[in-house]
Novice: 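Mind looking over this structure? Questions follow.
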Amino acid sequence: MRIITRRTLAPALLAVAIAATAESGTTTAYDFLNVTPSSHVYGLGGHNISLVDDDINLVEQNPALLGPEYDHQVGLNYMKYIGSTNFMGARYGQGLTEHSAFAASIQYYGYGDLEGYDETGAPTGKFSASDINFSLTYSHDITERLRGGITLKYLYSKYEDYTAGAVAADLGINYYNPDNDLSLSLVAKNLGGQVKKFNDRKDNLPWDVQLGYSQFMGTSPFRLSITAWNLRKWHLPYYEPADKNNASSDLVKKDKFGSNLFRHLVFGLEFVPQENMYIGVGYNYKVRTDMSTYHRNILSGFSAGAGLKVKTFGFGIALAQPHTGATTFMLNITASLGDLLK
């Protein structure tokens, strides 16, 4: 009999689980949902629910960011993640009325060829594993500056001959004031549960509540974003070696007020010299501290990205290195089909 679980699959998939858990602070299944497909967001720390820009890929973070302005826009994404994993997907938006819009997307998470083992530890050969997220999003303007949205998801997992499925929903609201470039958001993510299990064990979804703030700093070309996440629980303890120069030393638990506060916050800063381009950096303190028991380097917790729009096409890239053995890269492309067909 072959044992197929998220904890015993293989080193490559285990690395993904470790990194995703560092992002979410959970031990749930479906933690791939915490890896954003947006290079813009990934470059700003991996979480941002309040960023208002001409990019359909941002809708994945908050359904209330969708609007008629994304009519006929297509977004493509690719990510080279940890180990042999590769993520990719596509998203399409369409305006329904002057105050409502619809979007559909598919996101694929492939973990490459993995080594299988039975319950005795004997090798059973290679197998493949993957997750797929199908989603539909609807948004509507509540007032001139307030917009609400909902995303419905079906999650399908296939690990060798084993399959599982789940349904989830994201509920979001966004307030945007163009007069002072202020954007405020509230999102409840991944509300739902499994409809088909791998085995008799029930796996929970990584549901979360998040708050977001984005605003240009006065008349400067700098935009600041602060995202508070994992708000359903305050305590997010972590462990680090007692001797920071010796990773194999005894681990010490860190659970102070300051560390808990900053492990709930993601900071992003962008330089936006004109509407069609940006350069951004992000800092995720939770990722940095979660990597303290691994081969962390000076870049752990930091990320960077840039984007450029040329006529009807938009391009975005992002880079991050959670620890020395993992350099991640993401690429986004957007295109306005309506403009192309004119």
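Given the structure is predicted, the values throughout are model-derived calculations rather than measurements.
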Novice: Just by distance, no angles: are the side chains of Thr36 and Glu60 close enough, under 3.5 Å, to form a donor-acceptor pair?
Specialist: yes

Novice: Can you see which heavy atom on Pro237 is nearest to which on Asn260, and at what distance?
Specialist: N-OD1, 4.0 Å

Novice: Report the distance from atom CG of Asn62 to atom NE2 of His47, rounding to the nearest 0.5 Å.
Specialist: 14.0 Å

Novice: Should we count NZ of Lys311 as having more than 12 external heavy atoms under 6.0 Å?
Specialist: no

Novice: Ignoring hydrogens and angles, state whether a donor on the side chain of Ser225 or Ser214 is under 3.5 Å from an acceptor on the partner side chain.
Specialist: yes

Novice: Return the OG1 to OH distance between Thr334 and Tyr70, rounded to the nearest 0.5 Å.
Specialist: 9.5 Å

Novice: Would Arg223 and Leu269 satisfy side chain to side chain contact (heavy atoms under 4.5 Å, CB included), going step by step from the backbone distance to the final call?
Specialist: CA-CA 6 Å; Arg223 177 165 52 191; Leu269 181 64; over 6 Å; no

Novice: Find out if a path of hydrophobic residues (ILVMFWY) with successive side-chain heavy-atom gaps under 4.5 Å connects Leu146 to Leu182.
Specialist: yes

Novice: What are the two closest non-hydrogen atoms of Tyr138 and Ser100, and how far apart are they?
Specialist: OH-CB, 3.7 Å

Novice: Closest heavy-atom contact between Ile333 and Phe315?
Specialist: CG1-CD2, 4.1 Å

Novice: Where do Asn77 and Gln107 land on the side chain to side chain donor-acceptor pair (under 3.5 Å) test, with the steps shown first?
Specialist: CA-CA 9 Å; Asn77 66 82; Gln107 194 70 27; 2.7 Å; yes

Novice: Nearest 0.5 angstrom please: Tyr42 OH to Asn284 CG, how far?
Specialist: 10.0 Å

Novice: Does the side chain to side chain donor-acceptor pair (under 3.5 Å) test come out yes or no for Asp255 and His235, once each step is laid out?
Specialist: CA-CA 7 Å; Asp255 193 17; His235 289 280; 3.2 Å; yes

Novice: Does any N or O in the side chain of Arg288 come within less than 3.5 Å of the main-chain N or O of Ser300, such that one atom is a donor and the other an acceptor?
Specialist: yes

Novice: Run through Phe262, Tyr238, Tyr239 and flag the one making a side chain to side chain contact (heavy atoms under 4.5 Å, CB included) with Thr289.
Specialist: Tyr238

Novice: Under 4.5 Å between side-chain heavy atoms, counting indirect links through other Ile/Leu/Val/Met/Phe/Trp/Tyr residues: same cluster for Leu65 and Val209 or not?
Specialist: no

Novice: Does Leu319 form a side chain to side chain contact (heavy atoms under 4.5 Å, CB included) with Thr328? I'd like the steps, not just the answer.
Specialist: CA-CA 6 Å; Leu319 292 166; Thr328 57; over 6 Å; no

Novice: Closer than 3.5 angstrom, by distance alone: can the side chain of Asp208 be matched with the main-chain N or O of Asn230 as a donor-acceptor pair?
Specialist: yes

Novice: Going by side-chain hydrogen bond (donor to acceptor under 3.5 Å, both in side chains), name the residues that satisfy it together with Tyr156, two or more places apart in sequence or in a different chain.
Specialist: none

Novice: Are Tyr213 and Leu186 linked, directly or through other ILVMFWY residues, by side chains that come within less than 4.5 angstrom of each other?
Specialist: yes

Novice: Is it the case that the ring center of Tyr30 lies less than 6.0 angstrom away from the ring center of Trp207?
Specialist: no

Novice: Assess whether side chain to side chain contact (heavy atoms under 4.5 Å, CB included) is satisfied between Asp179 and Arg145, documenting all intermediate values.
Specialist: CA-CA 11 Å; Asp179 294 336; Arg145 295 179 177 177; 2.8 Å; yes

Novice: Could you grab the distance from atom CZ of Arg147 to atom CG of Asp141, nearest 0.5 Å is fine?
Specialist: 4.5 Å

Novice: Can you tell me how far the CG atom of Leu44 sits from the CZ atom of Phe267, to the nearest 0.5 Å?
Specialist: 13.0 Å

Novice: Take atom CD in Gln274; do more than 12 heavy atoms of anything else shown fall under 6.0 Å from it?
Specialist: yes

Novice: Flag the pair Asp131 and Lys158 as a salt bridge only when some basic side-chain nitrogen lies within less than 4.0 angstrom of an acidic carboxylate oxygen.
Specialist: no

Novice: Under a 3.5 Å cutoff, is there a donor and acceptor pairing between the side chains of Lys153 and Asn190?
Specialist: yes

Novice: What are the two closest non-hydrogen atoms of Ser130 and Gly110, and how far apart are they?
Specialist: CB-CA, 4.4 Å

Novice: Parallel, tilted or perpendicular, judged at 30° and 60°: which one describes the rings of Tyr111 and Tyr159?
Specialist: perpendicular

Novice: Which heavy atom in Gly316 sits nearest to a heavy atom in Ser39, and how many Å separate them?
Specialist: C-OG, 3.4 Å

Novice: Find out if a path of hydrophobic residues (ILVMFWY) with successive side-chain heavy-atom gaps under 4.5 Å connects Val187 to Val52.
Specialist: no

Novice: Between the side chain of Asn332 and the main-chain N/O of Pro37, is any donor-acceptor distance below 3.5 Å?
Specialist: yes

Novice: Before you tell me yes or no, could you show the steps for Asn34 and Lys189 under side chain to side chain donor-acceptor pair (under 3.5 Å), namely the whole-Å CA-CA distance, both residues' side-chain angles and the distance that decides it to 0.1 Å?
Specialist: CA-CA 10 Å; Asn34 291 300; Lys189 289 190 173 184; over 6 Å; no

Novice: Kindly determine whether Phe87 and Tyr109 satisfy ring-ring contact (aromatic ring centres under 6.0 Å, His included), including the steps that lead there.
Specialist: CA-CA 5 Å; Phe87 303 159; Tyr109 306 82; 4.9 Å; yes

Novice: Any chance you could measure Ser259, atom OG, to Lys286, atom NZ, to the nearest 0.5 Å?
Specialist: 11.5 Å

Novice: Please list, chain by chain and in numerical order, all residues satisfying ring-ring contact (aromatic ring centres under 6.0 Å, His included) with Tyr278, sequence neighbours excluded.
Specialist: His40

Novice: Please report the closest heavy-atom contact between Gly172 and Pro63, naming both atoms and the distance.
Specialist: N-CG, 3.7 Å

Novice: Quick one: do the Asp170 and Thr151 side chains pair a donor with an acceptor below 3.5 Å?
Specialist: no

Novice: Is there a side chain to side chain contact (heavy atoms under 4.5 Å, CB included) between Val167 and Gln194? Walk through the geometry before answering.
Specialist: CA-CA 6 Å; Val167 293; Gln194 280 188 304; over 6 Å; no

Novice: Under a plain distance cut-off of 3.5 Å, with no hydrogens placed, do Asp54 and Gln73 share a side-chain donor-acceptor pair?
Specialist: yes

Novice: Sequence neighbours left out, what passes salt bridge (charged side-chain N to carboxylate O under 4.0 Å, His left out) with Asp55? Give chain and number order.
Specialist: none

Novice: Among residues at least two apart in sequence or on other chains, which ones pass ring-ring contact (aromatic ring centres under 6.0 Å, His included) with Tyr283?
Specialist: Phe302

Novice: Is any side-chain heavy atom of Lys309 closer than 4.5 Å to a side-chain heavy atom of Met277?
Specialist: no

Novice: Return yes if some donor-acceptor pair links the side-chain N/O of Asp71 with the main-chain N/O of Gly95 below 3.5 Å, else return no.
Specialist: yes

Novice: Between Tyr285 and His264, is there a side-chain donor-acceptor contact under 3.5 Å, judged purely by atom types and distance?
Specialist: no

Novice: Determine, using the 4.5 Å side-chain heavy-atom cutoff (strictly less than), whether Met88 and Tyr81 are members of one ILVMFWY cluster.
Specialist: no

Novice: Taking only residues two or more places apart in sequence, or in another chain, which ones meet Phe271 in a ring-ring contact (aromatic ring centres under 6.0 Å, His included)?
Specialist: Phe222

Novice: Would you check if the side chain of Asn174 reaches a backbone N or O of Leu184 as a donor-acceptor pair within less than 3.5 Å?
Specialist: yes

Novice: Got a sec, which residues hit side-chain hydrogen bond (donor to acceptor under 3.5 Å, both in side chains) with Ser135, two or more places apart in sequence or on another chain?
Specialist: Ser105

Novice: Is it the case that the side chains of Ser185 and Ser50 hold a donor-acceptor pair, with the cut-off being a distance below 3.5 Å and no angle test?
Specialist: no

Novice: Are Ile56 and Val74 packed together at the side-chain level, in the sense that at least one heavy-atom pair is separated by less than 4.5 angstrom?
Specialist: no

